[in-house]
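Let me begin by presenting the structure, written as C-alpha cells, before commenting on it.
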Amino acid sequence: DGGITQSPKYLFRKEGQNVTLSCEQNLNHDAMYWYRQDPGQGLRLIYYSQIVNDFQKGDIAEGYSVSREKKESFPLTVTSAQKNPTAFYLCASRKQGALGEKLFFGSGTQLSVL
Amino acid sequence: AQSVTQLDSQVPVFEEAPVELRCNYSSSVSVYLFWYVQYPNQGLQLLLKYLSGSTLVESINGFEAEFNKSQTSFHLRKPSVHISDTAEYFCAVEGPETSGSRLTFGEGTQLTVNP
C-alpha cells in the first residue's frame, strides 16, 4: 500500500538537544510538507519542498531545518533554537504543481520536552 | 494573503441531530476549498473539496458543503450525525495567492457527538 510513514510516533527532547523527525513516502510525489499542530491553532506550515534538493521556508521556519536529498524522504530537525517545540508534527505530500489536489498525511509525531 | 476562519472551536451535538461547521475565507481571487477530518492521534484525511462547477459538494459518508462566493463561506453540514463522526474538522483554502502550491488551514472545529 502506498502512503506516508512518520517516525517515531512519540519523541522526547532534552534541553539544548537537536532531534530529527522522519518522513518517508512511496507515493512518487514531488511535493512534501511539514506542519506543526498546536491545540486551537490549526496547522501551521514549517517547511515545504517541491523537488529534490530544493525547499522553502513556511510561516514558522525559525528553529527548524530540513533536507531533501531523496524524493521519498523529507526529514525535519528541531534545533535547540526552537524554544517551544512541544507540538504534534505532521508530514504531508502531494503531486507537484497540482493545485486542488489533496494532501496525503502521515500519522504524526508527538514531540515533548523533558 | 489568504486566510481561513472557522467560527466555532467546539461543537457538541447529540447523535442523529443535524450539524453545521462554519468556515469563512478571505481572498480576492478564485480559490479551491477543502474540508479535512482528523481522528484522534492521526493525520488528516480529505473529506471533500470544491474546485469549480456545482457549488454543492458531497462526501461518501453523508457530509456536504456549499461554496458561497458572495459570502466567502464554505460551511460543512450533515443532516444526521453518528458517534463515529466525532473528530476535529479543518477547513482549508488554496489559490493563486499562495506560493509553492500550499494550503492555508483554519484553526479547526472539534465535533463531539454524544449518545
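Reminder, nothing fancy here: chain letters follow the sequence lines and each chain counts from 1.
Contact of B:Gln10 with chain A is not made at all, since no heavy-atom distance falls under 4.5 Å. With a 4.5 Å cut-off on non-hydrogen atoms, A:Gln110 does not touch chain B at all. At a 4.5 Å heavy-atom cutoff, A:Ile4 makes no contact with chain B through either its backbone or its side chain. For A:Phe104, no part sits under 4.5 Å from any heavy atom of chain B, backbone or side chain. Contacts of A:Leu43 with chain B are made by both backbone and side-chain atoms, with heavy-atom separations under 4.5 Å.
Using non-hydrogen atoms only and a strict 4.5 Å limit, the part of residues 50-71 of chain B facing chain A consists of B:Leu51. The interface of residues 33-44 of chain B with chain A, defined by heavy-atom distances below 4.5 Å, comprises B:Phe34, B:Tyr36, B:Gln38, B:Asn41, B:Gln42, B:Gly43, B:Leu44.
Note: B:Asp85 CG to B:Glu15 CD = 9.0 Å, rounded to the nearest 0.5 Å. Atom NZ of A:Lys71 sits about 3.5 Å away from atom CG of A:Asn28, to the nearest 0.5 Å. Once rounded to the nearest 0.5 Å, the distance linking CD of B:Glu88 with CG of B:Leu111 reads 10.5 Å. Note that OG1 of A:Thr109 and CD of A:Gln6 are 5.0 Å apart. Values are rounded to the nearest 0.5 Å. Here A:Phe105 contributes atom CZ and B:Leu46 contributes atom CG; the two are 9.5 Å apart, rounded to the nearest 0.5 Å. Rounding to the nearest 0.5 Å places CG of A:Leu103 at 11.0 Å from CE of A:Met32.
For A:Tyr35 and B:Phe105, the ring centers sit closer than 6.0 Å to each other.
A:Thr77 has its side chain out of reach of A:Val66: every pair of non-hydrogen atoms, C-beta onward, lies at least 4.5 Å apart.
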- Task: Begin with the C-alpha distance, continue with both residues' side-chain angles, and end with the deciding distance and a verdict on side chain to side chain donor-acceptor pair (under 3.5 Å) for B:Ser3 and B:Ser26.
- Result: CA-CA 5 Å; B:Ser3 66; B:Ser26 65; 2.6 Å; yes

- Residue pair A:Asp54, A:Arg68: steps toward the salt bridge (Lys or Arg N to Asp or Glu O under 4.0 Å) verdict: CA-CA 7 Å; A:Asp54 188 42; A:Arg68 189 81 188 280; over 6 Å; no

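Between chain A and the options B:Glu107, B:Gln6, B:Gln45, B:Lys49, the largest number of non-hydrogen pairs under 4.5 Å is found for B:Glu107.
Salt bridge annotation for A:Arg94-A:Asp30: absent, with no cationic side-chain nitrogen under 4.0 angstrom from a carboxylate oxygen.
Remark: the backbone N or O of A:Thr79 is paired with a side-chain donor or acceptor of A:Arg13 at under 3.5 angstrom.
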